[in-house]
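Written out below as structure tokens is the structure these notes cover.
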Amino acid sequence: MVWTLSALAARVDGRLVGVADLPIKTVGTLQHAGADAISFLANSKYRKFLKTTQAGAVIVKAEDVDMISGNAIVVDDPYVAYACIAALLYPPTKIARSGIHPSTVVDSDAEVDPTAAIGPQCYIGANVKIAADVQIGPGCVLEHDVSVGAGSVLVANVTLCRGVKIGERAKIHPGVVIGADGFGIALHQGQWINVPQVGSVQIGSDVDIGANTTIDRGAIEDTIIGNGVKLDNQIQIGHNVTIDEHTVIAGCVGIAGSTHVGKHCAIGGGAGLAGHIEICDGVQFTGMSMVTKSISQPGSYSSGIPVEPTQDWHKSVIRYRQLEKLQARVKALEALLAEKPN
Amino acid sequence: MVWTLSALAARVDGRLVGVADLPIKTVGTLQHAGADAISFLANSKYRKFLKTTQAGAVIVKAEDVDMISGNAIVVDDPYVAYACIAALLYPPTKIARSGIHPSTVVDSDAEVDPTAAIGPQCYIGANVKIAADVQIGPGCVLEHDVSVGAGSVLVANVTLCRGVKIGERAKIHPGVVIGADGFGIALHQGQWINVPQVGSVQIGSDVDIGANTTIDRGAIEDTIIGNGVKLDNQIQIGHNVTIDEHTVIAGCVGIAGSTHVGKHCAIGGGAGLAGHIEICDGVQFTGMSMVTKSISQPGSYSSGIPVEPTQDWHKSVIRYRQLEKLQARVKALEALLAEKPN
Amino acid sequence: MVWTLSALAARVDGRLVGVADLPIKTVGTLQHAGADAISFLANSKYRKFLKTTQAGAVIVKAEDVDMISGNAIVVDDPYVAYACIAALLYPPTKIARSGIHPSTVVDSDAEVDPTAAIGPQCYIGANVKIAADVQIGPGCVLEHDVSVGAGSVLVANVTLCRGVKIGERAKIHPGVVIGADGFGIALHQGQWINVPQVGSVQIGSDVDIGANTTIDRGAIEDTIIGNGVKLDNQIQIGHNVTIDEHTVIAGCVGIAGSTHVGKHCAIGGGAGLAGHIEICDGVQFTGMSMVTKSISQPGSYSSGIPVEPTQDWHKSVIRYRQLEKLQARVKALEALLAEKPN
């Protein structure tokens, strides 16, 4: 798509600086954008590139516009404006053509809206309901009684198990599995038996789910992902977890069963949350956080000790193991000193 | 399914308290169950709901029955009894209809038992053997020489690589990959070359494998998962790992190559086990445990420091880095004090 | 395949000791190899088995050959020689027959080399280019504009999203997803909106990618994996990460967006790398390392404290939390002691 700079500026309520009818065809980084590209400055670390950028135009805050000799769009939040402009320049391509590909198998009592598009090699089970403008890419499996809300996209090789409900405008990436059995087992005479997982999974609207993420079905009631939640890749969400609206979770996070995460939380990559705990609204966890207890105060939480050279680390581990002795030595010193004459 | 309370009590060898012919149609939590549902008390944290539950009946231990005004089934282990009763009320649905779906491709010399059911869009390779009552859901790939034992279920989009052997009554969830090449590489003139992985994978009977879990084939001999092992989602098991009977592993655990895990172990979510180590029978690791050495004593082991507010964590990391200095300061104090007159 | 010992020795430039025309059919471990098998000694831990091995022949260094009573091939690097010999004894089987399986759907303007083999149940999208001798196993999805270089293998159920470019002789295991959207989101009026991910992914030549690993497409520019990189299973690589030549990464590692990893690095299992950092050439991270900052010196780095018995761990965590107090106590002692008379 080609847009004029002025048209783009208008779409993001931005102030145009420079050539109104400059044609913009693409996006680029400040370092590598060309004359037909628009770039942006959102992270001050990259401000140094403003002077030398070859970008046709740059999206900036008012405070940075003077550093630019060329064209600009001035907005309050350059990253959000960039997201909107990139979406205009790169309208999403359809991942499947309208209608149902002949190689796909659709159960006779599934209900597929005529505006939906279902690609090749899929299976759509009994009593599945697919709403308007849904796109389902190749290789997806929807077991019986699944429903997918209007405008949602399943990219490819997605598996939705029986009864899973997806809201509107969800985007679900390849390899995602929703509604597999939760990990419910009971020890009976020395052997583990399975506890039937009779709940399901409800995914809200405007939810994104990254590649190879797994969300288990509930044991009795449903696992619930709220509206606007954004999940990165390879996240594991146990049975009966509930995640409230507009929480974002980075890759490789694991959340054990029955834990509740509030609204507008942000969980860093590789974090692990124990089961049966409560995380209140507005909590951030940094990467690789180990969360074993409920959190009732909003704010940022962290754990873990970053790397050091391996030979130093060997010593650090030893010192950590000697903490008890060190405490005892300090205590002994305190006692000794208390006995000494002044 | 509808059962009478007395019939359910009989099936779990429980003592019936209340209305024998009460119809039970479903299960529910103590908080939300209705009059046609049976609930249970297994975790004392939920005992407070016993008085107010609207459940038609509750499965309890003898010591709790007096707290219930309504109907009950009294057993020694309410969770196990609940698991049995839930399985009666929710008999597993078939994941594929009997026979082989016409969209599935079966190699001419595969042997599929006539009682097996293979759903759409699968591929069954040369010399595969599928035993009685096996169910294979949509999108599964079984490479040549795979065998699947009687009563096993592959839910959907499962990949079994060449020569993998699955025992009886296994349940394998979507996205699982068994028998991909182990990570065997050798450095040759500055480049990594692959070491052929000529072993396979043997999965025992009554094994469950959670969504997107991966189990690599052995380098020379086989990777082996024992009978009754239960694996949650997104577990990674390296080549030549052996896991003995009735061990359970929660989500996101990684076990590096050639490690041996004994019987009746329990590994918490996100734990990591180094390669070439031995874990004896009866070991528990709590979540996110870092296991670098062999363990020869049964019992529970842990590592990791849980989150604290991020600003406190910054200070903690600094203090941890100063442990060497702190030890030196204590040593200096000890020396100084030794010189002081009494 | 059957080879004579002398032929195998010749192929690895090894010195033959013993029976030249001994037929070798298979490989085995020192402990379990039989008379028709060749074994090797690469790890001194296994030297004790040299005397009792039943292997037909053993690949050893010159320094170990005297411990062997039977046949041997003497080389400088037994593991590399073993890798070469195993590849001769076990030539890779084709994962798909030549040509395009009739169940596979190929877009009319895809270009598939006549020597390529594409198995059943695949989807090959518009404008895809598949080079000579490529093998694509069952269930793979290649979206539009993907290209796969000569001799590469996609084992099964692999998903390559739009525009992804794969080099030559790559091996991509089941469940891998390359080119899903990066995790780019911007907060707009209390809701997260998606930032279009308009870059793609470039995978070099001789790259291996383990089962269920995910590599996201770039936000603006491409995510890049260099030649000879070896990736194990369940690795997550964020958008715009670049990994240079001959770096190896073990399972369950997560690398956040825009991080650069140099050449000939080795990253242990379960490690996590923060986004926007630089790791120089020749760095090793041990398993479960937490890497939050750039590294500019080659060498080995580590973090994390291994398990201890759970009751000791509870105390350790408390002591860790008391480090501030302990420092204060030492400081108080130092002050007190400074006041004391000598």
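Reminder, nothing fancy here: chain letters follow the sequence lines and each chain counts from 1. Every value quoted in this text rests on a predicted model; they were computed, and no experiment measured them.
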Please identify, among [options], the residue contributing the most non-hydrogen atom pairs under 4.5 Å to chain B.
options                        : result
A:I318, A:T286, A:N194         : A:N194
A:G275, A:S289, A:C252, A:G179 : A:S289
A:G270, A:A180, A:A256         : A:A180
A:N157, A:I235, A:L323, A:V176 : A:I235
A:T104, A:V291, A:I193, A:I185 : A:I185

Residue [X] versus chain B: region with a heavy atom under 4.5 Å:
X      : value
A:H276 : both
A:Y320 : both
A:Q236 : both
A:N240 : neither
A:Q284 : neither
A:V158 : backbone

Measuring heavy-atom distances to chain A, does [X] have an atom under 4.5 Å in its side chain, in its backbone, in both, or in neither?
X      : value
B:H314 : neither
B:K45  : side chain
B:D232 : both
B:R169 : neither
B:Q121 : side chain

Look at [options] and state which one has the largest set of heavy-atom pairs under 4.5 Å with chain A.
options                        : result
B:G304, B:A42, B:G119          : B:G304
B:I95, B:V229, B:L326, B:L231  : B:L231
B:V155, B:T93, B:V248          : B:V248
B:H264, B:K331, B:E245, B:E324 : B:E324
B:N227, B:I249, B:D312         : B:I249

Is it true that [Y] and [X] share a donor-acceptor pair across their side chains at a distance under 3.5 Å?
X      : Y      : result
A:S303 : B:E308 : no
A:E221 : B:T29  : yes
A:D216 : B:N233 : yes

Find out whether A:I295 and B:V307 are in side-chain contact, i.e. whether some heavy atom of one side chain is under 4.5 Å from a heavy atom of the other.
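A:I295 reaches B:V307 side chain to side chain.
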Under a 4.5 Å cut-off applied to non-hydrogen side-chain atoms, are A:C161 and B:P174 in contact?
yes
Please indicate whether [X] has more than 12 foreign heavy atoms, meaning atoms of other residues, nucleotides or ligands, lying under 6.0 Å from its [atom1].
X      : atom1 : answer
B:D281 : CG    : yes
B:R321 : CZ    : yes
B:R11  : CZ    : no

Which value, rounded to the nearest 0.5 Å, describes the distance between B:H246 atom NE2 and A:Q191 atom CD?
4.0 Å
Passes side-chain contact (heavy atoms from CB on, under 4.5 Å), B:V80 versus A:L187? Steps please.
CA-CA 7 Å; B:V80 165; A:L187 192 62; 5.9 Å; no
In short, B:P120 meets A:Y123 closest at the heavy-atom pair CG-CD1, 3.3 Å
Carefully, step by step, assess B:W313 and A:I305 under the rule side-chain contact (heavy atoms from CB on, under 4.5 Å).
CA-CA 9 Å; B:W313 169 73; A:I305 297 164; 5.6 Å; no
Quick one: do B:E334 and A:R329 make a salt bridge, cutoff under 4.0 Å?
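Here B:E334 pairs with A:R329 in a salt bridge, since their nearest N and O are under 4.0 Å apart.
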